[in-house]
Amino acid sequence: MTKLTSPAVSQSAHQMPKARLHYFEQRRDQIVDTIRRLVEIESPSDNKQAVDRCSAFAAEEFAALGGRAQFHRVTDFGNHLQVDFAGETQQKPVLLLGHYDTVYPMGTLTSMPCRVGNGRLWGPGVLDMKSGIALMIHAIQALQSWHGQLPRPVTVLLVSDEEVGSNSSRHLTETLAQQSSAVLVLEPSYGPKGAVKTARKGVGEYSLKVTGVAAHSGLDFEKGQSAILELARQIQAISKMVDLKRGLTLNVGLVGGGTRINVVAAEATASLDVRVAR
Ligand SMILES: [Zn+2]
């Protein structure tokens, strides 16, 4: 067991978080301004030119802090941006991961302008995730001002197609993640307390199709095999696989089946969403 005996050490350990919070509070307007400038460059996933404008702006901001910016060129989507920062030590980098595409179509700014009021910030993509990009910029700047140089290498990866499945960026993300000692995804924080997300669940979507035998429910009920009844049994079995302690959930979110009320159903389907913690 370690005991802190030096009052100087315990005091500075106490004051450090407050001092750092104070540093960011003093720079609140600058941080808000960075977010606003990112939000005012609209960047819907399906508009390469627009997304590329946003990535060019982000690249300049990171380059101004001494990062080596390079674009991974993509034809169907915006280019992905990688920025490498050297550190004092030769450790593996920490990867800061994010995306600059948004779900808001071009022109949304007209009806949803970026504005600040009552301690809130509005605009397309403010939450998901242009604030996260602004925080990357200001966090790197803060570390540089506290330490002179970053204590360890940092790589920033911003992709252009996260909102539409990350197909063109997935390989790049996986490659850089494997070369890094840790990955911090700066997507919006969890809940109003602003807790940092340290993990994301895996997700899978499945459809289940049951085929039965149709029959008239009055004339020859016994010849039928109800797909709906079997689907109901399957749903019961599926729900028993849920294991909250392991972070495994299965949700049957959609069901369909049958043709008429007086016909034993020959077909039934269900769609399920599966989430895994590991
Ligand atoms: Zn996002």
Side-chain angles (χ1 to χ4, degrees), residues 31-32 34-59 61-62 69 71-72 74 76-83 94-109 111-115 120-140 154-177 180 182-205 247 249 273-277:
I31 298 171
V32 168
T34 307
I35 300 170
R36 187 184 54 72
R37 288 194 290 159
L38 281 161
V39 170
E40 287 182 344
I41 308 172
E42 289 181 281
S43 50
S45 317
D46 61 358
N47 188 321
K48 175 175 170 60
Q49 277 190 325
V51 178
D52 282 348
R53 274 196 294 275
C54 194
S55 70
F57 172 75
E61 293 290 302
F62 285 112
F71 291 107
H72 295 268
V74 182
D76 299 345
F77 296 96
N79 300 323
H80 310 307
L81 172 64
Q82 177 184 344
V83 190
V94 169
L95 180 63
L96 303 182
L97 185 61
H99 63 92
Y100 33 66
D101 61 321
T102 75
V103 295
Y104 296 95
M106 218 46 199
T108 302
L109 264 183
S111 56
M112 194 201 285
C114 189
R115 64 190 176 92
R120 286 171 184 252
L121 182 58
W122 285 268
V126 161
L127 180 75
D128 189 6
M129 61 164 283
K130 289 182 172 175
S131 296
I133 299 172
L135 289 179
M136 290 179 188
I137 294 166
H138 287 277
I140 289 170
V154 170
T155 298
V156 173
L157 176 63
L158 296 173
V159 305
S160 64
D161 63 347
E162 196 271 350
E163 298 291 1
V164 289
S166 304
N167 284 335
S168 79
S169 58
R170 180 177 181 148
H171 179 69
L172 179 61
T173 300
E174 287 175 349
T175 306
L176 289 179
S180 303
V183 183
L184 298 175
V185 181
L186 271 74
E187 283 275 356
S189 59
Y190 181 72
K193 284 187 177 167
V196 68
K197 276 182 194 159
T198 56
R200 307 213 88 189
K201 282 187 156 186
V203 58
E205 288 177 10
T249 61
D273 167 295
V274 180
R275 309 270 167 151
V276 289

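Counting starts at 1 for both ligands and their atoms, following the listed order.
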Do the side chains of Phe62 and Ile140 get nearer than 4.5 Å, heavy atoms only?
yes

Kindly compute the distance separating OG (Ser169) from CD (Glu174), expressed to the nearest 0.5 Å.
9.5 Å

Using a distance-only test with no angle check, is there a side-chain donor-acceptor pair under 3.5 angstrom linking Asp128 and His99?
yes

Report yes or no: does Glu163 have an N/O/S atom closer than 2.8 Å to the Zn ion (ligand 1)?
no

Would you name the N/O/S atom of Asp128 that lies closest to the Zn ion (ligand 1)?
OD1

Is it true that some N/O/S atom of Glu162, main chain or side chain, lies under 2.8 Å from the Zn ion (ligand 1)?
no

Would you check if the side chain of Glu162 reaches a backbone N or O of Gly98 as a donor-acceptor pair within less than 3.5 Å?
no

